Every structure is written in structure tokens, then in C-alpha cells.
**Q** 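Mind having a look at this structure? Questions to follow.
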Amino acid sequence: MSEIFEKLSVSFGYSFVIYALVAGVLIALCSSLMGVTLVLKRFSFIGDGLSHVAFGAMAVAAVTGLTNNMLIVMPVTILSAILLLAGGKNRKIKGDAAIAMISVGSLAFGYMIMNLFPTSGNVSGDVCSTLFGSTSILTLSTLDVWLCVGLSILVVAVFVLFYNKIFSVTFDESFARATGTNARAYNLLIAVIIAVIIVLAMNLVGSLLISALVIFPALSAMRVFKSFKSVTICSALFSVICAALGILVSIVAGTPVGSTIVAVDVLGFFIFWIIGALRR
């Protein structure tokens with residue numbers, strides 16, 4: 001045990017570990033807030049689809065030589081989120097089918113681009129890092145951290161400010177329209193927030209594991225609590241604790257950061273499932 005604490009104390013002397021913890025906790029918090037809404041609206045798989053869109057956009061940004069890939073990744077991901085969430089009900093191809101199409105297509109396109117126009121001698125390593133977030137969270141710059149802090153504060157502020165409207169649109173969109181709420185505008189707002197969270201989360205867990213940050217905290221909280229407010233608060237606490245534990249365990253054990261965070265989320269879900277079963 002003393003060796004573990006000694007290793008952690010030494011690790012905290014490096015700035016990149018502090019950056020990883022700060023970014024990881026903030027991203028986990030934002031993901032959990034919108035995760036409850038996505039699960040209840042039956043759009044929990046959208047995180048996976050949008051992450052693959054971001055992967056394709058990131059591949060294009062790398063090939064074009066952009067120093068800041070956010071100039072392409074963020075707009076493309078936001079546009080895709082709007083098309084899937086805000087406009088999905090007016091399409092002939094709806095819901096899970098639309099997400100599956102855009103997910104597979106973007107992933108294949110991104111991988112093809114990276115192989116046709118390689119930007120380094122280790123294409124497989126670049127793809128693995130992007131998909132699983134194996135190193136990106138540990139190579140964050142000060143600018144990346146401040147960008148993460150700023151966007152996270154914006155996401156939390158918007159969620160708190162429009163909490164009642166998001167609640168009404170989440171549970172009964174038809175009733176919300178009947179009471180004068182502009183449901184389309186709030187669906188648009190939810191889509192933009194989700195896209196921002198997905199782009200931020202790619203640095204933490206990679207494209208393939210983003211859905212875990214969205215789904216597991218919400219589902220875990222629903223095993224124990226029933227009200228929307230209680231589930232949201234519990235989901236946020238659950239996600240933050242699991243992210244911090246996952247990063248610390250990965251430092252001590254030398255395991256990939258993204259995969260370790262998801263493993264802790266899975267373990268936490270089973271613990272909450274047992275607690276919920278005992279309470280019932």
C-alpha cells in the first residue's frame with residue numbers, strides 16, 4: 001500500500017497527470033449530465049455515432065495539416081448531432097438506423113483517409129490512440145486544459161439554466177409543445193451540447209469508448225433513484241468518482257487510461273445494480 005501512495009505522490013509531481021485529472025473529471029461531469037437525457041430519449045447510442053463522425057473529421061484535419069483540428073472536428077460533429085437529434089423525426093431513416101449508418105460510414109472514411117495519406121510512419125498507432133484514447137489524455141497542453149475547463153463550465157451553466165426545459169422535453173416532448181415550449185429549439189441545444197462533449201471526451205477515452213461515459217453513470221443511478229433530479233445528481237457524482245479512480249488506477253497499474261475508466265464504470269454499475277436489487 002505504501003508503494004502505491006509513493007508512486008501516486010511522485011506522479012502528482014508531473015503536470016500532465018494533474019492536467020489529465022482535471023480534464024477527465026470535467027469531461028465525465030458533462031457526459032453524465034447529458035447522459036440521463038439521452039438514455040431517457042432512447043438516444044444512448046448517439047455518443048458512439050458522433051464519436052465516429054469526429055474520428056473521420058479528425059482524419060481529414062490531420063491530412064490537411066491543420067494545427068488545430070477543432071476547426072473541422074467541432075463544426076462537423078455539431079452538424080451531425082443536429083441532423084440526428086433535431087431532425088431525426090422528420091426523416092425516412094430514423095433513430096438507430098441513422099446512427100448506425102453515419103457511425104460506420106464515418107469510421108470507414110476516416111480510416112481510409114489515414115491510410116491513403118499517412119501523416120506519420122505509425123498509422124496503426126495513430127488509429128489506436130484515437131480510437132481508445134491510450135495516450136492523448138496524458139499529452140494535454142495547458143491550452144487544451146483551459147479549453148476543456150471553459151467548454152465544461154459552458155455546458156454545466158447551460159444545463160443548469162435550462163434545466164426545467166430540458167426536463168420537460170426529455171420526458172414528454174408533445175406535452176412540452178402543448179404548453180408553449182419550443183421543443184425543436186431545445187432539441188437543437190441538446191444536440192450542440194452533446195457534440196461538444198463528444199469532441200472533448202475523445203481525448204479521454206477515445207472514439208470507441210465514449211458511449212460508456214454517457215450510458216453507465218445514468219443507468220447506474222437509475223438502479224437506485226427514480227426522480228430525474230436525483231438520478232442526474234447521482235449520475236454526476238458516479239461519473240466524476242469513476243473517472244478519477246480510473247485515471248489513478250491506470251497510473252499505478254500502467255494500464256490504458258480510457259479502458260481503465262470504462263472498467264471502473266462497469267464495476268460501479270454492478271455495485272449499484274446490487275444495491276438497487278437489495279432495496280427492492
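It should be emphasised that the depicted structure is a prediction, and the values quoted were computed from it without experimental measurement.
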**Q** Checking Ile271 now: which residues fulfil side-chain contact (heavy atoms from CB on, under 4.5 Å) with it, not counting sequence neighbours?
**A** Leu267, Ile275
**Q** Heavy atoms only: give me the nearest Leu26-Ser152 pair and the separation to one decimal.
**A** CB-OG, 3.5 Å
**Q** Starting at CG of Leu33, measure out to OG of Ser239 and round the result to the nearest 0.5 Å.
**A** 8.5 Å
**Q** Which atoms form the tightest heavy-atom contact between Val156 and Cys30, and what is the distance?
**A**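 Where Val156 meets Cys30 most closely, the heavy atoms are CG2-SG, 4.4 Å.
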**Q** Same cluster or not: Ile166 versus Leu188, using hydrophobic residues (I, L, V, M, F, W, Y) connected whenever any side-chain heavy atoms lie under 4.5 Å apart?
**A**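 Linked, Ile166 and Leu188 end up in one cluster.
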**Q** Let me confirm one number: the OG-CD1 distance from Ser227 to Ile233, rounded to the nearest 0.5 Å.
**A** 8.0 Å
**Q** Do Phe225 and Val214 belong together in a cluster built from hydrophobic side chains that touch within less than 4.5 Å?
**A** yes
**Q** So which atom in Ala212 and which in Pro217 form the shortest heavy-atom distance, rounded to 0.1 Å?
**A**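 Heavy-atom minimum between the residues: O-CD, 3.5 Å.
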**Q** If we only count heavy atoms from C-beta on, is the Val36 to Met222 side-chain gap below 4.5 Å?
**A**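 Contact flag for Val36/Met222 side chains = yes.
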**Q** State which residues pass side-chain contact (heavy atoms from CB on, under 4.5 Å) with Val240; sequence neighbours excluded, sorted by chain then number.
**A**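 Checked Val240 against side-chain contact (heavy atoms from CB on, under 4.5 Å); matches are Val25, Leu29.
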**Q** Hey, what do you get for CG (Leu213) to CE (Met34), rounding to the nearest 0.5 Å?
**A**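 Spacing of CG (Leu213) from CE (Met34) equals 14.5 Å.
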**Q** Under the rule for side-chain contact (heavy atoms from CB on, under 4.5 Å), what residues qualify as partners of Val158, not counting sequence neighbours?
**A**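 Testing Val158 for side-chain contact (heavy atoms from CB on, under 4.5 Å), a comparison that skips the adjacent residues, returns Leu154, Phe162, Leu189, Ile193.
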**Q** Check whether Val53 and Met112 end up in the same hydrophobic cluster, where Ile, Leu, Val, Met, Phe, Trp and Tyr are linked by side-chain heavy atoms less than 4.5 Å apart.
**A**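 Yes; tracing contacts between hydrophobic side chains, which count when under 4.5 Å, links both residues.
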**Q** What about Val224 and Trp273, same hydrophobic cluster or not, with Ile/Leu/Val/Met/Phe/Trp/Tyr joined at side-chain heavy-atom distances under 4.5 Å?
**A**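 Each belongs to a different hydrophobic cluster.
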**Q** Once rounded to the nearest 0.5 Å, what's the spacing between atom CD1 of Ile247 and atom CG of Leu21?
**A**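 One finds 5.0 Å between CD1 of Ile247 and CG of Leu21.
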**Q** Could you tell me whether the side chain of Phe159 reaches within less than 4.5 Å of the side chain of Thr232, counting heavy atoms only?
**A** yes
**Q** Could you name each residue pair satisfying ring pair (Phe, Tyr, Trp, His ring centres under 6.0 Å) that touches residues 234-259, not counting sequence neighbours?
**A** Phe238-Phe272
**Q** Report yes if some heavy atom in the side chain of Met74 is under 4.5 Å from a heavy atom in the side chain of Leu151; otherwise report no.
**A**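 Sidechains of Leu151 and Met74: in contact.
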**Q** How far apart are the closest heavy atoms of Thr260 and Gly246, and which atoms are they?
**A** CG2-O, 3.3 Å
**Q** OG of Ser235 to CD1 of Ile215: how many Å apart, nearest 0.5 Å?
**A** 11.5 Å
**Q** Run the ring pair (Phe, Tyr, Trp, His ring centres under 6.0 Å) test against Phe228 and tell me which residues pass, sequence neighbours left out.
**A** Tyr163, Phe167, Phe171
**Q** Check whether Val39 and Ile27 end up in the same hydrophobic cluster, where Ile, Leu, Val, Met, Phe, Trp and Tyr are linked by side-chain heavy atoms less than 4.5 Å apart.
**A**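 Yes: a chain of side-chain contacts under 4.5 Å links Val39 to Ile27.
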**Q** With rounding to the nearest 0.5 angstrom, report the SG to CG distance, Cys242 to Asp265.
**A** 4.5 Å
**Q** Checking Val266 now: which residues fulfil side-chain contact (heavy atoms from CB on, under 4.5 Å) with it, not counting sequence neighbours?
**A** Phe216, Val262, Phe270
